[in-house]
There are 2 protein chains.
Amino acid sequence: MSTKSSPRTPARPRSPSPNRRERVPDHRAAGAPAAPAFRPIHTRRAFEEICERIREQLALGVLKPGDKLPPERDLAQQLGVSRNVLREALRSLEMAGVLRLLKGVKGGAFIQEGDTSRMNGVMRDMLSLGTISVRELSEARVHVLDLVVRLACANARKADLDALEANIRRTEDATREGRLLDRVECSREFYKLLAASTGNKVIAMIMDSVTEIHMRFVYAKVSSSGVAMARLAEKRRQFLAALGERNVASATRLMRTHLESVQRMLEQDPGAMSLHVALAEVQPGMRR
Amino acid sequence: MSTKSSPRTPARPRSPSPNRRERVPDHRAAGAPAAPAFRPIHTRRAFEEICERIREQLALGVLKPGDKLPPERDLAQQLGVSRNVLREALRSLEMAGVLRLLKGVKGGAFIQEGDTSRMNGVMRDMLSLGTISVRELSEARVHVLDLVVRLACANARKADLDALEANIRRTEDATREGRLLDRVECSREFYKLLAASTGNKVIAMIMDSVTEIHMRFVYAKVSSSGVAMARLAEKRRQFLAALGERNVASATRLMRTHLESVQRMLEQDPGAMSLHVALAEVQPGMRR
DNA sequence: TTCCATTGAATGGGTGATCCATTTAATAAT
DNA sequence: ATTATTAAATGGATCACCCATTCAATGGAA
């Protein structure tokens, strides 16, 4: 195959020039104290370039959610790469939530609607890699939640409040019937609904990302020890009332004291708080 | 190869049972108003399982940053998959910032230190896909910045303030010498330093993710129109002084008015504010 | 006609063999 | 001791297949 390799190489200029990225000499002006200089370069690889081009088409609006890319065999030929390499790129984009690959005739690579839960995965990775700590995450959650409560007070619409109301009813049902883990699931959803009621998907996304791990800890705790927050639905109702009255001070206070009591519950047996308990497996109903 | 396929299949149970994920019947209890039910399943594929297993090892602490995975050929055999499929998984993990692949003897797949800028990519994708809007992002940025200022007032250490001071000096230099784009770069760094001075990497990560796109707009604006924020360094000094005095009210007020004036600058020519201008290409010095 | 089973093409999922390019260490030549 | 050469390890990439799934077209039975 190396002998007849002529018809395939042209589209992607391979070896010499574009293979090493231009050394940009850290052009921060004089007076800079830091400048560790020389961040490493890594040679440009085909699949990176493919990912970049597809993202470029997205940013340009040429590709939109719902659109379909050409079949792998065709696209590979268009790009002048082997099908395997193209698939590496497509897989990466699928993992990133940009694409969805479907089999069969009428299948193909479809641009996805953006999945706001992607940020959760980043947060999980950062935690797994030790880049961030549970303490930082909890602290951030307190602050973000504070912001969310304020925004929800300002922006929540009737439909949002109704959804929260329905959620609380489900919490009551689960409490009455002793379905503790379902109640945790309700909590997860409660915070998601609260985040959505800010009316800002960016804020909601951030909120969800700092909440997901926390709910895993709660799940693990409840699951292992059987303990559960007392008077949960009652507290939720109080909070919802404050929200409905647009009473920021009250809502904020209620949420804060609730967070503190949850934190106390989690911390009373630090053994169960190990990271891998929360990260290792996906609980039922927890969508990744 | 299909004839002697016996030695490779065992590690990964393939076709029938684990191929379709269990239908979880949307077990939200009675009273639920919503429930779109039936979110689609997609068949489990080898590369997903591989990614999951490696992430599992990470979460369990078996793998840590700096560790090296076995060579592709070995690992593929251990997992009972072909090398190509393994590479799809490794590529995905590399794109996610979890791995780094290096060539040559002594090369291999190394677990990376967590890269806090990964969240930026998610934000970019969400914007490209139209899931979030520039308006939402700007609004979120205002709120997050507000939080960051408060936390920075509370937690910034001398080293943080010194770094900000040095950054302002560079801004002054760039202003004096008319290097407008360098000054934008200084701004980008200013917000990064400010975020870091909260002492919370999660908050910093969030802040960076909502700032990166914004700075691209600023860059595009300055680059195309040549206009630039008046009295920038001066305003920065005032802000830094307030920060040094732990004067939350003053620092917050200064930051807010500054944000408003930047916003006015950006909006006075909405033509240059198109999304793809900011998203399409990476500006020099802007690390992705 | 209507309905259902069959078939076959399109497409992603996956494999194995093979070669290239880069990097490093060991070795040989100077 | 220094420098050039060589060889091995490893990721990067290609090719040529084959399998599994899906769905539309086809055709026969009711």
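Below, chain A is the first sequence line, B the second, and so on; all start at residue 1. This one's a predicted model, so the numbers in the text were calculated from it and none came from an experiment.
Comparing Arg83(A) and Asn84(B) against DNA chain C, the residue whose closest nucleotide sits nearer the 5' end is Arg83(A).
Scored by the side chain to side chain contact (heavy atoms under 4.5 Å, CB included) test, Val62(B) finds Gln57(B), Leu60(B) as partners (sequence neighbours excluded). Listed by chain and number, the residues in a side chain to side chain contact (heavy atoms under 4.5 Å, CB included) with Ala174(A) are Arg179(A), Asp182(A), Arg183(A) (sequence neighbours excluded). Every residue two or more places apart in sequence or in another chain that forms a side chain to side chain contact (heavy atoms under 4.5 Å, CB included) with Ser128(B) is listed here: Leu58(A), Ala59(A), Leu279(B). Applying the side chain to side chain contact (heavy atoms under 4.5 Å, CB included) criterion to Ala109(A), with sequence neighbours excluded, gives Leu69(A), Leu99(A), Leu101(A). With sequence neighbours excluded, the residues forming a salt bridge (Lys or Arg N to Asp or Glu O under 4.0 Å) with Glu136(A) are Lys201(B), listed by chain and number.
Listed candidates were dT15(C), dG12(D), dT14(D). Nearest to the side chain of Val85(B) is dT15(C). Closest approach to the Val81(A) side chain among dG12(C), dG14(C), dT14(D) is made by dT14(D) (side chain taken as heavy atoms from C-beta onward). Residue Arg45(B) places its side chain closer to dG14(C) than to any other of dG12(D), dT15(C), dG14(C).
The only member of Met119(B), Arg124(B), Met123(B) that meets side-chain contact (heavy atoms from CB on, under 4.5 Å) when paired with Glu212(B) is Arg124(B).
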Measure all distances between protein nitrogen or oxygen atoms and nitrogen or oxygen atoms of nucleotides 9-11 of chain C, and list the pairs falling under 3.5 Å.
| unit_1 | atom_1 | unit_2 | atom_2 | d |
| --- | --- | --- | --- | --- |
| dA10(C) | N3 | Val105(A) | N | 3.2 |
| dT11(C) | O4' | Gly104(A) | O | 3.4 |

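The CZ-C1' distance, from Arg44(A) to dT22(C), rounds to 18 Å in whole Å. Rounded to a whole Å, the CZ atom of Arg87(A) is 11 Å from the C1' atom of dT15(C). Atom P of nucleotide dT10(D) and atom CG of Leu75(B) are separated by 12 Å, given to the nearest angstrom. Between the CG atom of Leu79(A) and the P atom of dT14(D) there is a distance of 11 Å, rounded to whole Å. For the pair Gln77(B) CD and dT10(D) P, the interatomic distance rounds to 14 Å; values are reported in whole Å. The separation between Glu94(B) atom CD and dG11(D) atom P is 11 Å, rounded to whole Å. Rounded to whole Å, atom P of dG12(D) lies 11 Å from atom CZ of Arg100(B).
Taking the charged nitrogens against the carboxylate oxygens, Arg44(A) and Glu49(A) do have a contact shorter than 4.0 Å, which makes a salt bridge.
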